[in-house]
Amino acid sequence: MSAVMESPTLAVVAQTSATGPRLAWLRDRGMGASILVAALSAAFGVVLVETTAYLGAVLQADPFIGDSETLAFVVGLLSVLLTGVAMYVAAIVTANTFSTIIAGRTRQIALMRLIGATARAQRAEVGRQGFVVGMIGATLGLLAGLAISAVGVQVGSALIENVPQGFSLAQPFVAVPAIGVALTTWAAAWVGSRRVLTVTPLQAIAGSVERNHEELSRPGRHIGAWVLVGAGTVLLAAGVVVGLVHPLGVVVAFVGGLLSFTGLALGSVLFMPPVLRLVGRMFGSGATARLAAENALRYPERSSRMAIGVVMGVTLVTMFAVALESVKQMLITQVDGETPAEFFTPFDAFASVMMVLVAVSAVIAAVGLVNLLTIGVVQRRRELGLLRSIGLSNRQVRRMVLLEAAHITVAATLTGLILGMTYGWIAAQSLLGSVPTLPDFEPAGLVAPHVPWLPVLIIVAATAALTLVAAATPTRLATRVAPVDALAAD
């Protein structure tokens, strides 16, 4: 009798992340990658806190610069800024991941609405899931960060002459990055789940997934993004002007860069499709290439989410590379005669360390691309099954998915290089515009941007590798399901 009574319920509402065991949703595709993103961000922050404390102790133990409070302040400030950048990237990646997951759950959410659940209750559930993901990732990141720091201290003690005595990993602020990551992950999940409020019970039979171009082009939809881009652009220009009289112009420019890029990220569905359309023409006019290009443009919201993470990573690395190279070239012009090869060795070492630290944020963004591309393929099982049933071979389906990944990464890389060069020059200009220069000690004025081509080539090579890595799992999933099974899927 119980089996008879249970079957009508199961026929109406299948066991899902909302109706199954309490933590069954952690097995949903995309949650593991979200935990990894949170763990990477927390571990990065913990390592930076410990590194800052250790360097401070080393500086105090040095007999020559032990009293240099300025140097310690600069190291601490860099630690805070880099931790903030990593958390910022992780928050956008997490928000985009949850947005994609919610798009795939549209029908499930609508079913819950149909049997009486409210939109706010559904969104609160997603928020709780984001908090749990953040807590798990932050805890794992805290433990991993402490382990890495312990190894680093041992290595440093073997290499540094003035080893600080009595240094402890139990720093008072070591838990701050982990707490920050947990809270930003929860906030990002809450922001990414805002579409829950627009799901109607009628969509239980419609099964819609992603919004198309017409739904996203309604007037007034992206006012916030335009306001942020406009305000950020004004502050960037103000930073350049202020930088002509005082180095603090870089602070104004930093705020402008943060606001403008946040606006670009929020309004990526407006800015990325034209770039995607332009790049799509580079892949030829074959049937598979055209399908890949059209897939990227048919649902611009999904494609823009995938691209914006890579844009962030490429922008950050390029920005730091251009800013540091511009500073170095300006210093070279201030040296009389031929510059000794070892003169800029400390500067180059510092630049290399900074590039490695910034690259961690790029890795976080790359994890987001792999995750979103995989989720996108899983959510398109019916579409892929239809293509298989009308004659596309496994090889053609794999090539289509690979071209989609290449389409997005190429467009994101080009956009990131342009933005990174622009932001990098503005950073150098706002910082150095008022610096006295030889021979008459007049302010530097306009600073010429310098692009280090080696990092650019490394970025291009890394993007090519990322395309192959990002497409590996999705191409395998795309060809694993039989056409009949895919067409029968919801």
Problem set entry | CA sep, side-chain torsions, deciding dist, call: Leu432, Val435, side-chain contact (heavy atoms from CB on, under 4.5 Å) | CA-CA 5 Å; Leu432 302 175; Val435 173; 4.1 Å; yes
Problem set entry | Step-by-step side-chain contact (heavy atoms from CB on, under 4.5 Å) determination, Leu414 to Val279 | CA-CA 9 Å; Leu414 292 175; Val279 171; 4.2 Å; yes
Exercise. What do the steps show when you test Thr463 against Thr413 for side-chain hydrogen bond (donor to acceptor under 3.5 Å, both in side chains), and what is the final call?
Worked result: CA-CA 7 Å; Thr463 301; Thr413 301; 3.1 Å; yes
For this session: Evaluate the criterion side-chain contact (heavy atoms from CB on, under 4.5 Å) for residue pair Val447 and Gln329; output intermediate values, then yes/no.
Result: CA-CA 10 Å; Val447 177; Gln329 293 300 322; over 6 Å; no
For this session: With side-chain contact (heavy atoms from CB on, under 4.5 Å) as the test, would you mind laying out the steps for Arg399 and Gln396 before giving the verdict?
Result: CA-CA 5 Å; Arg399 185 168 182 268; Gln396 287 176 309; 5.6 Å; no
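Considering CD1 of Ile179 and CG of Leu142, their distance stands at 9.0 Å, rounded to 0.5 Å. Taking CG of Leu236 as the reference point, atom CG of Leu258 lies at 10.5 Å (rounded to 0.5 Å). The distance from atom OG1 of Thr139 to atom CD1 of Ile35, rounded to the nearest 0.5 Å, is 10.5 Å. With rounding to the nearest 0.5 Å, the separation of CD1 in Ile459 from CH2 in Trp453 is 11.0 Å. Leu36 contributes atom CG, which lies 14.5 Å from atom CE of Met31 (distance to the nearest 0.5 angstrom). To the nearest 0.5 Å, atoms CG (Leu259) and CZ (Phe254) are separated by 10.0 Å.
Inter-residue side-chain proximity for Phe261 and Val229 is flagged as unmet; no heavy-atom pair is nearer than 4.5 Å. Ser434 is not listed as a side-chain neighbour of Leu244, based on a closest heavy-atom distance of 4.5 Å or more. Counting only heavy atoms from C-beta outward, the side chains of Leu248 and Val242 never approach each other to under 4.5 Å. Side-chain contact between Val311 and Met272 is present, with heavy atoms from C-beta onward closer than 4.5 Å. The closest side-chain heavy-atom distance from Leu276 to Ser303 is below 4.5 Å.
More than 12 non-hydrogen atoms from other residues, nucleotides or ligands lie less than 6.0 angstrom from CE of Met421.
Counting all heavy atoms, side chain and backbone alike, Ser304 lies closest to Val269 at OG-CA, 3.4 Å. The nearest pair of heavy atoms linking Gly145 to Val46 is C-CG1, 3.7 Å. Across every non-hydrogen atom of Thr315 and Leu419, the tightest pair is OG1-CB, 3.8 Å. Here the closest non-hydrogen pair linking Val250 and Ala427 is CG2-O, 4.0 Å. In terms of heavy atoms, Pro449 sits closest to Ser326 at CA-OG, 3.8 Å. Scanning both residues, Val49 and Pro177, for their nearest heavy atoms gives CG2-CG, 3.7 Å.
No side-chain donor-acceptor contact under 3.5 Å links His450 to the backbone of Val322.
Looking at Glu325 and Lys328, no side-chain N of the basic residue comes within less than 4.0 Å of a carboxylate O on the acidic one, giving no salt bridge.
The list of side chain to side chain donor-acceptor pair (under 3.5 Å) pairs with a residue in residues 419-433, not counting sequence neighbours, reads Ser260-Tyr423.
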